[in-house]
Amino acid sequence: MKTKIFYIGLLSIALFSCTKENERMSPGTLKITPFKVTADALEVELGEPVNFRLEGNADTVYFWSGEFGKDYSYTGGREVPVESPTLSIRTNSNYGTQESLSILLSQDFNGDYSYESITAANWKDMTSKFNIPKPTGATLIHYASPAIDISEFIEEDKPYYLAVRNNIAQSTTGNTPTQYYFYASNNTNPSGKWSFTGWVNGESVEISTFAGADWKVVVDGYLGGELDGTRGPRPSPAPPAAPTSLFLARNLPSTEAMDTWAVTKAFQAKVNLGPDKGTIIKRVTDLPLEEYKYTYAVPGEYNVAFTTINKDRTAHVFQFKVTVTP
């Protein structure tokens with residue numbers, strides 16, 4: 001009998017334990033803590049970590065420090081200006097004495113490469129910045145400009161086009177038409193060449209190569225027959241080859257007036273660096289995170305965010321403004 005009483009006692013204890021456990025886990029008694037984030041302090045001195053407290057659980061947690069490239073405000077992409085766009089050109093002139101070459105920029109050209117649309121646009125004249133030598137007639141004059149910052153001609157946020165124009169007047173005594181070449185580079189002076197660069201986020205970038213500018217040559221008043229890529233003003237070599245120069249020829253006959261334009265594609269005053277990204281600080285396989293500390297290297301105000309993604313497709317965003325003092 002003693003043995004039987006002993007087993008009954010154990011069974012009673014087991015049943016009692018299960019009952020208590022069932023009461024704790026039964027619907028209405030299990031407490032689920034919603035995920036949330038708080039900060040111990042939102043203003044810290046440089047070198048002092050910002051301490052965040054995390055309660056509850058989320059499957060995946062991202063931290064956005066608010067620094068460049070890590071700002072939740074720019075998840076759709078970050079546009080930054082191309083600063084100090086700088087242009088170098090390479091030209092030569094021959095035969096004439098007319099100073100007929102212009103270097104131009106437009107921000108209202110409509111992209112229709114017809115003579116009517118090109119001349120209807122407003123073009124800012126940058127020619128004087130490049131100090132192109134005056135042509136002297138039969139003497140061939142090669143010229144390579146220094147690097148010229150053209151940012152003063154560009155309104156921020158608006159795309160722009162560049163153009164090279166040889167606007168020849170009808171010849172009179174002492175006013176003979178001038179032929180120009182506009183080069184990517186030239187073997188007579190390898191150091192002098194087309195260069196179009198700028199600065200994006202503190203780094204030097206190439207805005208465009210000569211061929212990548214996608215030049216379109218448009219001519220008004222040519223009397224030498226059909227412009228078929230082998231005569232008159234044209235890119236050289238002819239398409240589909242990538243051009244290495246623009247031949248801004250005289251008319252046929254050479255004493256007659258002619259207006260030649262070579263216009264680029266549109267260049268953007270800003271570039272999109274793509275979306276900023278957060279840092280994963282907790283994955284679905286990790287245990288719940290109770291604390292997260294972050295130390296900033298530069299004083300300033302930062303828009304901090306914690307974002308969550310859960311398997312049930314729910315998501316949350318917690319945002320703070322953190323000030324780091326010197």
Side-chain angles (χ1 to χ4, degrees), residues 82 85-95 100-121 123 126 130 132 140 142-145 150 159-168 177-198 200 205-252 254 258-269 271-272:
V82 181
T86 301
L87 179 64
S88 300
I89 64 170
R90 172 75 187 171
T91 68
N92 77 30
S93 61
N94 202 4
Y95 298 122
S100 51
L101 186 71
S102 300
I103 313 298
L104 308 166
L105 184 149
S106 177
Q107 290 187 281
D108 65 2
F109 172 51
N110 64 11
D112 173 17
Y113 291 87
S114 65
Y115 183 77
E116 292 73 20
S117 291
I118 290 171
T119 53
W123 293 90
M126 305 185 294
F130 292 91
I132 300 169
L140 185 66
H142 288 280
Y143 175 68
S145 80
I150 62 172
Y160 58 93
Y161 297 79
L162 302 181
V164 182
R165 184 186 190 187
N166 190 17
N167 190 17
I168 297 171
T178 305
Q179 171 179 289
Y180 285 93
Y181 269 98
F182 197 78
Y183 291 103
S185 61
N186 191 282
N187 292 335
T188 60
N189 183 0
S191 64
K193 62 181 182 179
W194 163 278
S195 175
F196 192 21
T197 61
V200 174
V205 297
E206 183 175 56
I207 297 173
S208 179
T209 63
F210 185 86
D214 196 18
W215 300 95
K216 303 289 192 299
V217 176
V218 178
V219 185
D220 181 65
Y222 182 63
L223 302 175
E226 183 181 356
L227 289 166
D228 58 3
T230 64
R231 67 181 74 191
R234 61 190 183 273
S236 182
T244 57
S245 67
L246 301 171
F247 180 42
L248 308 179
R250 300 184 297 172
N251 210 340
L252 287 175
S254 63
M258 183 173 64
D259 190 11
T260 299
W261 291 75
V263 183
T264 68
K265 66 181 180 182
F267 299 110
Q268 301 300 321
V271 296
N272 196 318

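Nothing here was measured: the structure is a model prediction, and the numbers come from that model.
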Inset, instruction - Just jot down the side chain to side chain contact (heavy atoms under 4.5 Å, CB included) partners of V205, sequence neighbours excluded, or say none. - result: V200
Inset, instruction - I would like to know whether Y181 and N94 meet side-chain contact (heavy atoms from CB on, under 4.5 Å); could you show each step before the answer? - result: CA-CA 9 Å; Y181 269 98; N94 202 4; over 6 Å; no
Legend entry - By side chain to side chain contact (heavy atoms under 4.5 Å, CB included) - contacts of Y143 (at least two apart): T91, N131, I132, P133, S145, P146
Legend entry - Listed once per pair and sorted, the ring pair (Phe, Tyr, Trp, His ring centres under 6.0 Å) pairs that draw on residues 220-239, sequence neighbours left out: none
Inset, instruction - Please name all residues satisfying side chain to side chain donor-acceptor pair (under 3.5 Å) with D112, sequence neighbours left out, ordered by chain then number. - result: S114, S117
Inset, instruction - Could I get the full list of side chain to side chain donor-acceptor pair (under 3.5 Å) partners for Y115, not counting sequence neighbours? - result: D259
Legend entry - Any residue meeting side chain to side chain contact (heavy atoms under 4.5 Å, CB included) with S208, in chain and number order, not counting sequence neighbours: F196, A213, F267
Legend entry - side chain to side chain contact (heavy atoms under 4.5 Å, CB included) partners for D108, two or more places apart: S106, A121, N122
Inset, instruction - Under the side chain to side chain donor-acceptor pair (under 3.5 Å) rule, collect the residues that match up with N166, sequence neighbours excluded. - result: S100
Please list every donor-acceptor pair under 3.5 Å in which a side-chain atom of residues 232-249 meets a protein atom from a residue at least two apart or in another chain.
from	atom 1	to	atom 2	distance (Å)
R234	NH1	G232	O	2.7
T244	OG1	S236	O	3.4

Legend entry - Any residue meeting salt bridge (charged side-chain N to carboxylate O under 4.0 Å, His left out) with K216, in chain and number order, not counting sequence neighbours: D214
Legend entry - ring-ring contact (aromatic ring centres under 6.0 Å, His included) partners of Y161, counting only residues at least two apart: F109
